[in-house]
Amino acid sequence: MGSNKYQPEKLENKWQQAWLKAKIFQAKDFPKMKKHYVLDMFPYPSAEGLHVGHPEGYTASDIFARYLKMNGFEVLHPMGWDAFGLPAENYAIRTGTQPEATTQKNIKNFKRQIQSLGFAYDWSREINTTDPEYYKWTQWIFLKLFEAGLAYEAFAPINWCPKDKTGLANEEVVNGKCERCGTEVVKKNIRQWLVKITDRKYIDRLLSGLEKLDWPESIKSLQKNWIGKSEGATVSFSVIARSEATTCPPNSLWRGRREQSRINNEIATPLGKLGARNDTIEVFTTRPDTLFGATYLVLSPEHPLVDEITAPMQKKAVEDYKLQASKKSDLDRTDLAKEKTGVFTGAYAINPVNNKKIPIWIADYVLASYGTGAIMAVPAHDERDFEFAKKYKLPIVKVIEPPKVMPKRTLESFASSGAAGHLQGDIESDCWIGGGVMVNSGKYDGMDSLKFSKVITDWLEKNDKGHQAVQYKLRDWVFSRQRYWGEPIPIIHCEKCKTDVELNAYEIHFYNQESWDMIMSGEKTVETRALNPDEKLKYFGNIKKGNFLRAVNKQTKQVQFLEVLEAKAFASLEELFKRPILIKQIYPKISIKTLKDLKQAFSFTPEYVDRIQRHGLIAWKIKKIQPGLIAVPEKDLPLELPRVKAYQPTGTGESPLASIEKWVKTKCPKCGSKARRETNTMPQWAGSNWYFIRYCDPNNEKQIASPEKLKAWLPVDLYVGGAEHAVLHLLYARFIYKFLFDLGSVPKECGDEPFMKLKNQGLILAQDNQKMSKSRGNVVNPDEVIKEFGADAMRMYEMFMGPFEDAKPWSINGIVGVKRFLDRVWVDVNALHDDVEKQSLTVRNGFSKSIHGLIKKVTQDIKNFGFNTCISEFMIFFNGKDGKPDWRPKLNKQDEWEAVSEIGKAIDMDALKTFLKLLSPFAPHIAEELWRLLGNKGFIAIEAWPKYDELKTQAKEIEMPIQINGKVRDRIIVPADTSETEIKAMVLGREKVKNWLQGKEPKNFRYIKGKIVSLVI
RNA sequence: GCCGGGAUGGCGGAACUGGUAGACGCACAGGACUCAAAAUCCUGCGAUCGCAAGGUCAUGAGAGUUCGAUUCUCUCUCCCGGCACCA
């Protein structure tokens, strides 16, 4: 027997170096073969080093990549470092070291650890997000977003962590607490950079793009949920003027006021949205069918109209309530168990469908950040409104009668959910949130509620009282941190440019969020307006190319500047109609074929049409600009992070960069006057949402990556990583990728989805079934595992533990099983080799049948990520079923070969080599070593993947179970292709079967070829 | 509350499109080797009745479809992950 022992530490490093030196895992840029891009989520190189969770995903993707390589694919399998971020900075603060230095140190350690596992990475493409040559392009992307109007500055109430003294993205707040330190998060109004991920151009693509992706359903639904699309309608409720509110006016009075406001606001309202007025409250509802049941309105306490509408006698109550609400943390406000509270404003509105006067309340269960910040309350058909109405004794009007005859299943589920009250129409004690038949809805009574939903929406549109609408839960992405260790935002603040623009600007106001959104959504939008000679001061016909518009959103108080790129006058609608391209830009979704369509689409009032016909119309092509915000010129990128002495966040909302005067003071690239640099830095997502693009061309100095190389590699075919990134990284990366796609930086051929297939590894828990964490002290260090068992055993064990995507506990006992197996392989192969050399064993190739089954099984399992079962197949093959391997003899106690198969003391050397090839993606080091031992040349890692003979995977004889009344009572060994008549005779002849039958004929006889015989007595 | 995923021996887990439940590994027990131990090798190992042959019960609980259900359908319980007053 071979005397040498399996000592992984003696051979693993050797092979790792050999692979590197031979460059066998370097991907060629323009592959002639089929390409495959296998990507791991790159790690944040923490000071603690790798934990055993990292190698799980890396091993799986490595096995897959090696498998593809052996199958003739050109494989791109890169690795890099996501190295900006808070921990490095916090560490620097504590120890007074440079984040740059500790980051370098951590990277070195991570790289050593990852390399010690023998992964087949192409290290020539290694990237690091903190490298100026890399973040130059992160900054470049930001500038492009800025140019497109997708990155903007805003004072926004953001999540603020008092301990870390920094703003947090929504996603970093877990249960109202800071994800990193657990401190309760408070709201703070702070100047921020935001990225408009909610832009119309992208949000629906982010949603619909999911459909074609091969991702786990759970991740897709998480993203869908996060985007949170709801379809419904917005409805305008007119507010009754304060003085008139006490005596609810008949319609005449009311209308007069309405006309008044229309005239006042016309100028401030973009074409087609003339319905918006400052005395209307817009609400969003997914249930326009319940509109007749809307018995009151509720505004969020932050709604911009609250102060304007509140009646004097309610002023104090409203102010108190607003103050109270503002003090509450998010956690308090969203606590569901809490009873709803609210205050009457003293104001009333008119329900547009029945002209009923309804009270307006404020309550903090209505969120300012969603929809329009206001709701219509339909207590009879919404549980929240119902609760509120009950408490404050507000009227409840039923407008939908639950269907009397319901499908049985629906009925049962209602009964069990305790909602049986609905069935009796017991509206006093309960509310019905389902559909049904309309009642109390005027002439629509008796209509199906689903149908009515559409009917009433059409009615609203026709009557200029509302329109079909879509809302999303997704918020814009807070894209700045008040921290040092991140990419500087390449923007310069110039006071002179700002005042210049402001001086030249025409002011326009928007009361309507939708109009605002439409105008702001980008360069292609065209603003149109009828000329109005009566209003000299605001004679918009004067606005020419090169002028500016100062646009104010009355609701959110947001201010934007628009530059007029082109101004065109049209004498009439007919003339405008001749310019279909222009119309398309205004209303991209509506097809306008006739002039009538045009008028309808724009919902012109007759007065307005009249004015256009008399005075003409002007249209502007505009571009959103950021006055006083000047982009750092591309040629000056990267804008490098300056060296600082102190990294403490200032806590004022400014980053530590603000205290480096030398860096902050600069010249405006546009006008040359004194200016200051932006001191916020980018969040960690900035570098990680596009890194996979850079791997394709990591050293390109001229472009983010060359289109040719991108065409060769993108999209990523397989992306492996943790499910914790389901909505953060994966959504941002998809957004940025789509943006770069639209920009042309990602070529059309690549498509606009970056990751075709996604696999999530399950969490590895500690021995005690708890999450591994430093504080619990149950973290397993891979270095120690490798030292004791070797990298191959570590890889094998991580794959053997259980299904890849499931959470599973680490067990040190478990790893000894695979280690023993590798020991056995080592010892046996050495011994076999020695004895073949000594000619005490003969080599006869091709007699093993089980090797074909193994190839088949392993090939399929790798494709399906079923690595755990692969490994058990390896064991079964090597040890043999019942301890009888069919490809070789076995060692007995005296270390002598004992024939276990019919072939005697012969070995199927081809089968052994095949076995090693199959094993090599899993345990690459031992496979290489034994491959050479058996006299082969070159690397097993680049050998061709074995093929199997399907015929030989099929057993000729089968042990067929015989079931009697559903239970296995006997077994019979038969040729696989035995016919039914043959088998029936054989089965009925069996002693055991006769015993069960007791002379009777079976009532039923069934034979499933290759599977089972079943009889019923 | 809503969405998604689970529940199989002492443990991690197998079981293809319904067809022998518990593969493989761990732990455990007995044996071999050893002065002894470790390592290694062999045997056994769901529960239960039985000396055995064999029987009975078993895949979270209950029902259903089927010759046959871990697998399909319904209801329920519990666990994990996510969202959470989103109108």
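Chain letters run A, B, ... following the sequence lines, proteins first, then strands; residues in each count from 1.
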Which part of the nucleic acid, if any, lies within reach of [X] when heavy atoms closer than 4.0 Å are counted: base, sugar-phosphate only, or nothing?
{"X": "A:Pro803", "result": "sugar-phosphate"}
{"X": "A:Ala726", "result": "nothing"}
{"X": "A:Ser811", "result": "nothing"}
{"X": "A:Gln471", "result": "nothing"}
{"X": "A:Ile1008", "result": "base"}
{"X": "A:Lys856", "result": "nothing"}
{"X": "A:Ser218", "result": "sugar-phosphate"}

Check the phosphate of [N] against [X], side-chain N and O only, distance under 4.0 Å to OP1 or OP2. Yes or no?
{"X": "A:Ser221", "N": "B:G82", "answer": "no"}
{"X": "A:Asn868", "N": "B:G12", "answer": "no"}
{"X": "A:Lys890", "N": "B:C42", "answer": "yes"}
{"X": "A:Arg969", "N": "B:U56", "answer": "yes"}
{"X": "A:Tyr370", "N": "B:A87", "answer": "yes"}
{"X": "A:Arg820", "N": "B:A39", "answer": "no"}

Expressed as a whole number of angstroms, how long is the span from [X]:[atom1] to [N]:[atom2]?
{"X": "A:Met801", "N": "B:C11", "atom1": "CE", "atom2": "P", "result": "17 Å"}
{"X": "A:Phe800", "N": "B:C26", "atom1": "CZ", "atom2": "C1'", "result": "9 Å"}
{"X": "A:Leu765", "N": "B:C11", "atom1": "CG", "atom2": "C1'", "result": "14 Å"}
{"X": "A:Tyr797", "N": "B:G12", "atom1": "OH", "atom2": "C1'", "result": "7 Å"}

ask   = Quick check: are there more than 12 heavy atoms from other residues, nucleotides or ligands sitting under 6.0 Å from CD of A:Glu211?
value =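 No, because the 6.0 Å sphere around CD of A:Glu211 holds 12 heavy atoms or fewer from other groups.
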
Show me, pair by pair, the donor-acceptor contacts under 3.5 angstrom made by side chains of residues 864-874 of chain A, not counting sequence neighbours?
| from | atom 1 | to | atom 2 | distance (Å) |
| --- | --- | --- | --- | --- |
| A:Asn864 | ND2 | A:Gln860 | O | 3.1 |
| A:Thr869 | OG1 | A:Asp861 | OD2 | 2.8 |
| A:Thr869 | OG1 | A:Gly866 | O | 2.9 |
| A:Ser872 | OG | A:Thr869 | O | 3.1 |

Pairing of [X] and [Y] as salt bridge, 4.0 angstrom limit:
{"X": "A:Lys808", "Y": "A:Glu56", "answer": "yes"}
{"X": "A:Glu302", "Y": "A:Lys322", "answer": "no"}
{"X": "A:Lys881", "Y": "A:Asp886", "answer": "no"}

query = Can you tell which of B:C26, B:G19, B:G4 lies closest to the side chain of A:Val816?
reply =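 The listed nucleotide nearest to A:Val816's side chain is B:C26.
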
query = Of the candidate nucleotides B:G68, B:A15, B:G13, which contains the atom at the shortest distance from the side chain of A:Gln963?
reply =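 So the nucleotide nearest the side chain must be B:G68.
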
ask   = Of A:Met376 and A:Val1016, whose nearest nucleotide on RNA chain B comes first from the 5' end?
value =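 Here A:Val1016 is the residue nearer the 5' end.
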
Along RNA chain B (nearest heavy atom to each residue), the more 5'-positioned of A:Tyr472 and A:Asp823 =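 First, find each residue's nearest nucleotide; the 5'-ward one identifies A:Asp823.
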
Under 3.5 Å on both distances, the Watson-Crick or G-U partner of B:G4 =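 Per the H-bond distance test, B:C80.
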
request  = Please give the nucleotide sitting opposite B:U59 as a Watson-Crick or G-U wobble pair, both distances under 3.5 Å, or none.
outcome  =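 No nucleotide pairs with B:U59.
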
inquiry  = Tell me whether the side-chain N or O atoms of A:Lys340 pair up with the base of B:C85 as donor and acceptor below 3.5 Å, since no angle test is needed here.
reply    =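 Answer yes: a donor N or O sits under 3.5 Å from an acceptor.
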
inquiry  = Quick check: any donor-acceptor pair below 3.5 Å linking the side-chain of A:Glu383 to the base of B:G1?
reply    =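 A donor-acceptor contact between them is absent.
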
key: Test item: A:Asp385 side-chain N/O and A:Val378 main-chain N/O as donor-acceptor pair under 3.5 Å   =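 Pair found, side chain donor or acceptor close to backbone of A:Val378.
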
